[in-house]
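Read through the structure below, which is laid out as structure tokens, and then see the notes.
Numbering of ligands and ligand atoms starts at 1, following listing order. Here, residue 1 is the first one in the sequence, and each next residue gets the next number. Any value given below was found using the heavy atoms of this structure, including those in side chains, with hydrogens, waters and symmetry copies removed.
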Amino acid sequence: MADAKVPGLPLVFLNSEFEKITGYKKEDMIGKNCRVLQGPNTDKKSISVIKNAIKTLKTQRVEIVNYKKDGTAFWNSLQISPVFDEHSKLTAFVGIQQDITKRIAANHSLIEAKALAEQANIAKSEFLASMSHEIRTPMNGVLGMLNFILDSPLNEKQQYQTRIALNSANSLLNIINDILDFSKVDAGKLELEELEFNLHAMLGDFLETVAAQAYSKGIELILDITDIKYPFVIGDPGRLRQILTNLVNNALKFTHVGEVQIIAKLIPTNGNEIRFNCQVKDTGIGIPVDQQAKLFKSFSQVDSSTTRKYGGTGLGLAIVKKLCNLMQGEVEVKSDENKGSNFIFDITLKKSKKTEKIMPPIDITGINIQIACSNKSQANVLQKQLTQWGAIVTISSSAKIALNTYEQFYTQHAHPFDIVIIDTKLSDSNGLTLGKTINDLNLLSTANLVLMTTIDQFETNEHYKQNGFTAYFPKPMTTKDIFNLLTKCLPERNTLHSENTQTCTITEKPLGPNDIVWREDIRILLAEDNQINQIVAATTLKKMGISVVDIATNGKEVLDYLDQKNTIEPYSLILMDCQMPVMDGYQATTLIRNNEARDKANAITIIAMTANAMTGDKTKCLDSGMDDYISKPIAQDILFEKLLKWLPHSVK
Ligand code: ADP
């Protein structure tokens, strides 16, 4: 306690705690001022808080560095309050102090730890960004080249195989994206798109991407979308596909015999929303009950031998869960060890205004269809789908049962079937042999035979024809396949037209390069240091009807080209890689935009082509002065879209 009546506020009372904290004895301090406790590291601001308390006669608390008698500094939490007598006259000030050195030290180490963690997080993001960049650059070459091969003249077999290679390359890209996405969702940086899309077409396309994997393991892959009658919805098809990719890839990975079924449903709600519910059901190794709960945590696998035996990162299901949650949904698993697993997820989508119903292009009401197929799930899905569209459908589960049935009708001179769909893999025979037998015995003279082949069967059309088949399609079966086979088998049937049901368009056809005439004076400068990617970009542009006139391998060369050539024949567009040696794309763009001398050049459209795919990369490009952004590997449709946006053209 300090006496307020005496100038300099001498201390008049001290307790033993003061002695303990400061090391000063009462007799050393009585009559002196508290300033004795201050020293070189005492903050002026803290002193002014004390002065203020004295001046304003208000209680104040301050954390101040004080010094003990032996010179060691300590943090003092000091509360200073005025004391008044019964006439409200100030008599003294009371100071209550507490040694808080330990707490302050703990706070400091927390701040330091936080800073370290933040640093580590930045390092992680940077690592992910550079890893993604390093992998994306060669992937651009792989995907680009495969696309060119696909556009060259190929026979059916080469086409199919190249398509599989392309799909696999795309899957690899998906893995890279998965790793990136995981950190993005983690950091709350993942944004969902809202696009109108056709679920039937999306699921059909997806199925084709996993077909090769299923086939190579001899696993039947079955898509049941019989409960999606109105296929247009609004949501993020890319993220939905990502969920499916993860679940179906797992199902195929952990299944050695049997089948993988994807059963998708749309469940309308009262409002504007619609629930997409989907099961990915396999007949694989299953998951022990006690392991099921941890599956959706990151980096978790059922046991440590999984990585050695099956590979994988343990990240897929964690991403699936995060994505489902992001779309107001959930994912759960039901599994029996050694019997199989069923991953069930649902997400919320929005209803589309398009009320187009999925119907075959021709009217199949009353058509008699027979299915010879030993896989019960496959046969049931096909039967359900065709029945929904009005056909009368029966199933034979083996070649023997099928032949018995057909012979019976034959002897009764009845020819009930319009179409007979035969699976190539029957429990007691194969489809081709069954077809040949039917044909040789002339059992079904009025029926059109259709073969469900596997993706490696590349017999000629003639071969199938000779064996009595009208049409064939490789499994897994999609809606597109069913539509095609129906039109092939029943060309004379009426095209479906009614007030509510239109002929189904599976995919809408946007403008393509063949629909466009570019203005003749278009000149493109390509800036790209990687030779393969130069070829990919130039060839892709050529396919779209545009030639690259000059190629720069770094930002400095871009500036040189602009200085030498732009005044004579101005460039229309610069496609600019971001990371290049000598001078990168950002720097070159900033110089182009800022340099008055290149006044003709500073208005050129610049589109970034970059393998950097982290959030913020686009902003970085735009901030440096670029007009637009394409991420590598370059998707041809996106490049085309950008060219349409930025280059003068007319529609044919
Ligand atoms: P991974 O990259 O290891 O496949 P996931 O997160 O996708 O990572 O899966 C985690 C683990 O869950 C797998 O390693 C496997 O042990 C188990 N698992 C996932 N799906 C299945 C399935 N369909 N059948 C059996 N086990 C599965």
Side-chain angles (χ1 to χ4, degrees), residues 128 131-132 135 168 170-186 190 206-207 209-224 238-264 277-327 329-347 377 476:
L128 284 170
M131 189 190 72
S132 147
I135 303 174
S168 310
N170 275 319
S171 301
L172 177 56
L173 193 63
N174 279 339
I175 297 177
I176 302 161
N177 289 339
D178 260 4
I179 298 174
L180 271 171
D181 282 346
F182 182 78
S183 48
K184 274 196 218 164
V185 188
D186 233 17
L190 193 120
F206 165 73
L207 205 66
T209 64
V210 280
Q213 202 185 340
Y215 169 72
S216 67
K217 294 187 78 176
I219 297 166
E220 294 284 347
L221 190 58
I222 300 149
L223 175 65
D224 181 351
R239 297 296 164 197
L240 172 55
R241 196 185 170 109
Q242 200 176 356
I243 295 176
L244 284 165
T245 308
N246 276 315
L247 295 181
V248 175
N249 278 342
N250 274 349
L252 291 171
K253 184 156 83 169
F254 297 106
T255 303
H256 304 298
V257 278
E259 63 188 36
V260 169
Q261 272 197 84
I262 305 164
I263 307 163
N277 176 281
C278 185
Q279 299 181 44
V280 178
K281 217 168 161 182
D282 65 55
T283 53
I285 62 171
I287 303 157
V289 178
D290 60 329
Q291 300 289 333
Q292 289 174 16
K294 71 168 192 186
L295 286 184
F296 299 100
K297 298 205 175 97
S298 48
F299 302 106
S300 75
Q301 296 184 318
V302 164
D303 69 58
S304 53
S305 63
T306 308
T307 313
R308 265 175 283 128
K309 200 165 160 195
Y310 297 99
T313 54
L315 218 52
L317 291 177
I319 295 176
V320 165
K321 186 168 167 63
K322 280 176 194 283
L323 289 176
C324 286
N325 292 164
L326 213 59
M327 294 190 253
E330 248 321 327
V331 56
E332 58 165 335
V333 61
K334 289 184 179 146
S335 184
D336 277 331
E337 226 178 328
N338 301 321
K339 286 199 179 136
S341 308
N342 188 6
F343 282 84
I344 307 151
F345 72 92
D346 65 353
I347 55 169
S377 318

Practice problem: Determine whether any heavy atom of Lys253 lies closer than 4.0 Å to an atom of ligand 1. | Solution: yes

Self-check item: Under 4.0 Å to a heavy atom of Leu295 - the qualifying atoms of ligand 1, by number
Solution: 11 (C), 12 (O), 17 (C)

Quiz item: At a 4.0 Å threshold, what atoms of ligand 1 neighbour a non-hydrogen atom of Ala251?
Solution: 23 (N)

Practice problem: Could you tell me whether Ile287 approaches ligand 1 through its side chain, its backbone, both or neither, with non-hydrogen atoms closer than 4.0 Å? | Solution: side chain

Exercise. For atom 4 (O) of ligand 1, state which one of Asn342, Asn246, Asn250 supplies the nearest heavy atom.
Key: Asn250

Quiz item: Are any non-hydrogen side-chain atoms of Arg239 and Leu326 less than 4.5 angstrom apart?
Solution: no

Self-check item: Phe296 touching ligand 1 at heavy-atom level, < 4.0 angstrom
Solution: no

Quiz item: Which of the atoms in ligand 1, numbered in the order shown and given with their element, are less than 4.0 Å from a heavy-atom of Gly316?
Solution: 5 (P), 6 (O), 7 (O), 8 (O)

Quiz item: Do Ile287 and Phe254 have side chains that get closer than 4.5 Å, going by heavy atoms?
Solution: no

Quiz item: Does ligand 1 have any atom sitting under 4.0 Å from a heavy atom of Gly284?
Solution: no

Quiz item: Going by heavy atoms in the side chains, are Asn277 and Ile344 under 4.5 Å from each other?
Solution: yes

Quiz item: Any side-chain heavy atom of Phe206 within less than 4.5 Å of one from Ile262?
Solution: yes

Quiz item: Asn342 and side-chain hydrogen bond (donor to acceptor under 3.5 Å, both in side chains): which partner among Glu332, Gln279, Lys281?
Solution: Gln279

Self-check item: Structural part of Thr255 in contact with ligand 1, heavy atom criterion under 4.0 angstrom
Solution: neither

Practice problem: Work out whether the distance between some heavy atom of Gly286 and some atom of ligand 1 is less than 4.0 Å. | Solution: yes

Self-check item: Contact (N/O only, under 3.5 Å) between Phe254 and ligand 1
Solution: no

Self-check item: Nearest-0.5 Å distance, CG of residue Leu252 to NZ of residue Lys217
Solution: 7.0 Å

Quiz prompt | Beyond-backbone contact of Val248 with Phe343, side-chain heavy atoms, under 4.5 angstrom | solution = no

Quiz item: Hey, are the side chains of Ile319 and Ile243 touching, using non-hydrogen atoms and a 4.5 Å cut-off?
Solution: no

